[in-house]
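Everything below concerns the one structure shown next.
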Amino acid sequence: MPTTKIIQLSLEHPDADKIRCAVEVLHAGGLVAFPTETVYGLGADAMNAGAVQKVFEAKRRPSDNPLIVHVASLENVQQFTASVSEKGLKLARRFWPGPLTLVFQKKINIPDGVTAGLETVALRVPDHPVTLELLRQFKGGIVGPSANVSGKPSPTSAEHVYNDLNGKIDLILDAGSTTIGIESTVLDVTIDPPVILRIGGLSYEDIEKVIGDVRCTNEAELLRRSPGTRHRHYAPNAQVILFTKADEKNYKLLIQQNKKLQKKIGSITYSKSLADIEQSSFHVVMKSSIEYVARNLFKALRELDRQEVDVILVESVEEKGLGAAVMDRLRKAAFHNS
Ligand code: TXA
Ligand code: MG
């Protein structure tokens, strides 16, 4: 494939003609990366088995990891679902468009690649003017895994997509950086109480306010309901080491130890007390609001990789609201390359 084309779009007034080009690519079975409020997605026609297969190849995604189908509104859900539970419907009405993916019983005619052979299908209406216009013009469903090479931090800008997938996909719709910066929350509403399969842009607390109790899974149930979660995720090339929030002593110790080992050190911190601590290489100091941290986390991990650091020391965040999603990503990043 020749180099990937990039089309720039304004958030306020997305140009419908430019979006029509993307729709044509999708109808022809091509691949189009699109912005959402969470991260960039890698789009293909959900009902075109060949196009779906190309998504797996471009991303080098393991075939047992199913894809989210993006639709323009709740009305489009019945194209893909055999049944929709009461609680699922209530959540969709309250939070769509938004960072919530709902897992329903699938309709039989969906290509197997989309659902990785499961009996369920994951659906989401993204909250982004460009992609909502794309979905409205396209009319059907667009699969959208994060538009990164599998296992790497998700892309929060068109540049990240280009760095990972140039030459492997047809087009990128560039509408600047994403606002939430962490993927959607995935909730299985085929059972009661519903089960969280991935915590993300929508918090437990917000979901429970609308439907009462939701459950977390144990490892075995998670693998049965969402087999793709077994794979490496969110991991930069460097080793990630998490340390306790505002723990100055431990942070200094980690720097000393890694310096002794001749490691090139990167770090990501938020607490004021850590901002000025001297260390050898690259220090990303973020504002301490959890929204800011979520929005910039994947970008920071990618930047530190570009600096070719050996190890990234990351300060933990408080595990509530969006903080639960940030800690989930950081633990996975730390686990998979420790
Ligand atoms: O925010 C997001 O969700 C982004 C944007 C582009 O919408 N997409 C995204 O897709 O993060 P991806 O493929 O990187 O993550 C989708 C998650 C995976 O953990 C996958 O295993 C799970 O959703 N999933 C998809 N279909 C499923 C199904 N039928 N049952 C259970 N889990 C499913
Ligand atoms: Mg992903």
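A quick note: this is a predicted structure, and the numbers were derived from the prediction, not measured. Counting starts at 1 for both ligands and their atoms, following the listed order.
Protein heavy atom nearest atom 16 (C) of ligand 1, with residue, atom name and distance: Ile68 CD1, 3.5 Å. With hydrogens left out, the protein atom closest to atom 31 (C) of ligand 1 is Arg225 O, 3.1 Å, a heavy atom.
Ion pair Glu221/Arg225 flagged as a salt bridge, since at least one NZ, NE, NH1 or NH2 atom sits closer than 4.0 Å to an Asp/Glu carboxylate oxygen. For Glu37 and Arg124, the salt-bridge test passes: some basic side-chain N is under 4.0 Å from an acidic carboxylate O. Between Glu57 and Lys54 there is no salt bridge, since none of the side-chain N atoms of the basic residue sits less than 4.0 Å from a carboxylate O of the acidic one.
In this structure, the side chain of Gln105 does not engage the main chain of Ala82 through any donor-acceptor pair within 3.5 Å.
If you look at the Mg ion (ligand 2), the protein N, O or S atoms less than 2.8 Å from it are Ser146 OG.
Residue contacts with ligand 1 do not include Lys106, since none of its heavy atoms lies under 4.0 Å from the ligand.
With side-chain heavy atoms closer than 4.5 Å counting as contact, directly or through intermediates, Leu11 stands alone and belongs to no larger hydrophobic cluster.
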Counting only pairs under 3.5 Å, give me each side-chain donor-acceptor contact of residues 86-98, with atom names and distances, residues two or more places apart or in other chains.
unit_1 : atom_1 : unit_2 : atom_2 : d
Lys87  : NZ     : Asp192 : OD1    : 2.8
Trp96  : NE1    : Leu100 : O      : 2.8

Hey, can you pull the donor-acceptor pairs under 3.5 Å for the side chains in residues 16-33, sequence neighbours left out?
unit_1 : atom_1 : unit_2 : atom_2 : d
Asp17  : OD1    : Arg20  : NH1    : 2.7
Lys18  : NZ     : Gln8   : O      : 3.2

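With Asn65, Thr36, Val55 as candidates, the residue nearest to atom 21 (O) of ligand 1 on a non-hydrogen basis is Asn65.
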